[in-house]
Each structure stands twice: as C-alpha cells, then as structure tokens.
Amino acid sequence: MPELPEVESIARKLNDGNGNPPLPGQIITHATISWPRHIAIPAVSTFRRNIRSRMVESVGRRGKYLVIKLDRGTLLLHLRMSGDLYITPPGAAKGPYEHTIFHLDSNWQLRFSDARKFGKIYLLNSPEKILDQLGPEPLGPTFTLANFQSRLRSKKRQIKALLMDQSFLAGLGNIYTDEALFLAKIHPRLRSNTLTDDQIKLLWDAIRTTLEDGIRANGASIDWVYRGGSFQNQFKVYQRTGEPCQRCGTPIERITLGQRGTHFCPSCQQELTNDS
DNA sequence: CACGAGACCTGTTCGC
DNA sequence: TGCGAACAGGTCTCGT
C-alpha cells in the first residue's frame, strides 16, 4: 500500500497520536523480531541491543521511508508492498503479520505488520547515507519546474518508469504515477526527452496535485493491507480497466510496462502526438 | 544507458 | 466446489 501519501498519513498519525498517545516522547524498551530478514542494517543482534531504551524524538517521511528520529540514531522503515506501521493499546491481540513489535514504556506497542515480508528496517547513525540517494521531494521546494525539465531531457526512458525511479523523484509508485500521467494526458510509454514544454508543465502540476489529493484523503486503501484512507474512491484510471474514461468515455486500457500493470486512457493519452 | 526477467514472499481473485 | 494461474502498493540484481 505504501506510496508517498500513505507513508505521509502514517507518519502524521504516529506523530500527532490522533486519539492515541503520540509516539514522540515515548521510550522503546525493547523489540521483538520474529522475521529477522526485516532488519536490513545492522545485524539483528546489534539492532536488538541498540534499540533498547531509545526515546523517540519525531516521526517524519522522506520519499517512501518513514524516518523515526531517536535520542541516539535514526530508525528508517520501508513498507515496500504490504507493510504498515501503527501503535496498539496494552493487551491488543497480535495480528498474523506483525513480525516486528517495538515495546513502549507506556505499555502501548509500535507494530510493523507486513504480510509479504518485503519491508526493511534500518537503525542508523547516519540515515543520510540512504536518504541522500533519493531524488527530490515532489512536494518540496527543490522540485522546481526548471529542474524537472532539464532532468527529464537528460534521460531517454519511458516516462512512467522514470517517474517511478526513486533516485529521479522520491515517492511516486504505481498508483500515483498512473493517476498523474492521466491527469497530464501523457502516454506512459513516451520517452522522457520527447515531452514538450507544455507537457512537462502539465505533468509537474499533475504530480503535485495528485499527491496532495492523496494526502488529503489519507492515502488509498486497497484490499486487506491498508485501511486508513479513501483516495481509492478518486482513482481515474488505476484498477479501472474497461470502465469509461471520466473525460471522454473511452474504455480505460491496461498494459504491462516494466512488469507493472499500467492503466491509461488510449484516447486522452496519445502515444504519437509529438511529431507530425 | 535502458530494458526485461527473475527474486524476494504471501494472500486474494480470476478463469476454467 | 476445486485448482492452478494471475495479480498485488516495491526494489534489487543480473544479463543483454
């Protein structure tokens, strides 16, 4: 479930509490880890030792990473395909996919649930080593139109694959990329260096509009994995194969690009428009 | 450099 | 109803 809006929603909820005790200020007494491969760095034994008695200072987000600053070190969590992170009250029944549990001094628990076990957890002194490999934040001040334009032109990749490349731009995944390309009326297979100035401006706006709408809806809930948001009700193309395009009525098509299901309107998003 | 295929995992849904 | 195939929010590595 986790693209930028979902991760942002999780971070805000943990930070503010939202009816539950806020995470900042709480102390992690220890962690229970039942799927050791979730711990990417450091070695699991070191992780267990160093996470003890750490106080949480803040919860934030960079790209699709949750960034939990501690009084010593920083916890990075990547939810990948099926991860979720939430706090539970004392005595809450254990769910089947809660493979890592952080025990808090309040007797609440911070639980990392991950059915597919693709998620990763890092405990680092210098999180920049990982976070600096990410491209700009789409909703931040460094994502300027001029910068976006020059970087698009310096590559010749399919635009959808490039937008999903986290080192190019941090936070877009399969859902929000399809939705943004639809909004900008750009075919997902167009080469990044062939986009016109007008298309780039449309896309730049569409990316931010789509992500902001997603955040406003607290992200998207799909299937059984994430139940927090409602953006799925605003999907225009994602998982709407065969349904009429809301702009022109043409049935939405699904193709495979870079091994990912890709949804678009074959009429609004033309592949062969830039020349002749 | 850019792409496709295969891995990593498990659960749900689809098609016959 | 049953059973295998296809599919799922992500990313890494390898071969071409």
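Hydrogens, waters and symmetry mates play no part in the numbers below; they use all other heavy atoms, side chains included. Throughout, protein chains are lettered first and strands after them, A, B, ... in sequence-line order, and every chain is numbered starting at 1.
- The distance between atom CE of A/Met164 and atom C1' of C/dT11, rounded to the nearest whole Å, is 10 Å.
- Contact annotation for A/Tyr97: backbone-only contact, meaning every heavy-atom pair under 4.0 Å involves sugar-phosphate atoms and none involves a base.
- Computed from coordinates, the A/Leu4 CG to C/dG9 C1' distance equals 13 Å when rounded to whole Å.
- Counting heavy atoms from C-beta on, the side chains of A/Leu162 and A/Lys155 come closer than 4.5 Å.
- Across every strand in view, B/dG4 sits in a pair with C/dC14 that passes the Watson-Crick or G-U test at under 3.5 angstrom.
- Counting only distance, with no hydrogens or angles, the side chain of A/Gln199 and the backbone of A/Thr196 share a donor-acceptor pair below 3.5 Å.
- The 5' end of DNA chain B is approached more closely, in terms of each residue's nearest nucleotide, by A/Ala115 than by the other of A/Ala115 and A/Asp223.
- The ring of A/Phe118 does not lie on top of the base of C/dT11; it is either too far (5.5 Å or more) or too tilted (30° or more).
- Comparing C/dG9 with B/dT13, their P atoms sit 15 Å apart, to the nearest whole Å.
- Considering only side-chain N and O atoms, A/Arg254 lies nowhere under 4.0 angstrom from the phosphate OP1 or OP2 of C/dA6.
- For the pair A/His78 and C/dG10, the criterion of a side-chain N or O lying under 4.0 Å from OP1 or OP2 is not met.
- Contact annotation: A/Tyr238 side-chain N/O to C/dG9 OP1/OP2 distance is under 4.0 Å.
- In this structure, the CZ atom of A/Arg191 is 11 Å from the C1' atom of B/dC1, given to the nearest Å.
- Side-chain proximity of A/Trp35 to C/dG10, B/dC9, C/dG9: nearest is B/dC9.
- For B/dC9, there is no paired nucleotide, since no Watson-Crick or G-U wobble pair has both relevant distances below 3.5 Å.
- For the OP1/OP2 pair of C/dG9 and a distance below 4.0 Å, the side-chain nitrogens and oxygens of A/Arg260 include at least one atom meeting the criterion.
- Here A/Lys64 reaches the OP1 or OP2 of C/dG10: one of its side-chain N or O atoms lies under 4.0 Å away.
- Listed pair A/Arg116 / C/dG9 fails the phosphate criterion, with no side-chain N or O lying under 4.0 Å from OP1 or OP2.
- Within the nucleic acid shown, A/Gly219 has no heavy atom closer than 4.0 Å to any nucleic acid atom.
- Judged by distance alone, the side chain of A/Glu179 and the main-chain N or O of A/Tyr238 form a donor-acceptor pair under 3.5 Å.
- For A/Tyr176 and A/Phe231, the ring centers sit closer than 6.0 Å to each other.
- If you take CG of A/Leu79 and P of B/dT10, they are 17 Å apart, rounded to a whole angstrom.
- Per the geometry, CG belonging to A/Leu66 stands 19 Å off P belonging to C/dG9, to the nearest Å.
- In terms of phosphate contacts, A/Arg80 brings no side-chain nitrogen or oxygen within less than 4.0 Å of OP1 or OP2 of B/dA7.
- Across all strands, A/Lys155 comes closer than 4.0 Å only to sugar-phosphate atoms, never to a base (heavy-atom distances).
- Nucleotides C/dT13 and B/dC9, compared at atom P, are 15 Å apart to the nearest Å.
- Below 30°, between 30° and 60°, or above 60°: for A/His30 and A/His103 the angle between ring planes is below 30°, a parallel geometry.
- Atoms CD (A/Gln158) and C1' (B/dC1) sit 14 Å apart, rounded to a whole Å.
- Of the candidate nucleotides C/dG10, C/dT11, B/dA2, C/dT11 has the atom nearest to the side chain of A/Gln166.
- Atom-to-atom, CZ of A/Arg157 to P of B/dC1 comes out at 10 Å; the value is rounded to the nearest Å.
- Residue A/Lys156 has its side chain nearest to B/dA2 when only C/dT11, B/dA2, B/dG11 are considered.
- Using P as the reference atom, B/dA5 and C/dA6 are 14 Å apart when rounded to the nearest Å.
- Rounded to an integer number of Å, the gap from CD1 of A/Ile159 to C1' of B/dC3 is 16 Å.
- Between A/Gln259 and B/dG4, a side-chain N or O to OP1/OP2 separation shorter than 4.0 Å is absent.
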Start with the C-alpha gap between A/Leu124 and A/Leu75, add the side-chain angles, then the distance that decides, and say whether side-chain contact (heavy atoms from CB on, under 4.5 Å) holds. CA-CA 6 Å; A/Leu124 305 166; A/Leu75 208 46; over 6 Å; no
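- Checked against a 6.0 Å centroid threshold, the rings of A/Phe182 and A/Phe264 do not count as neighbours.
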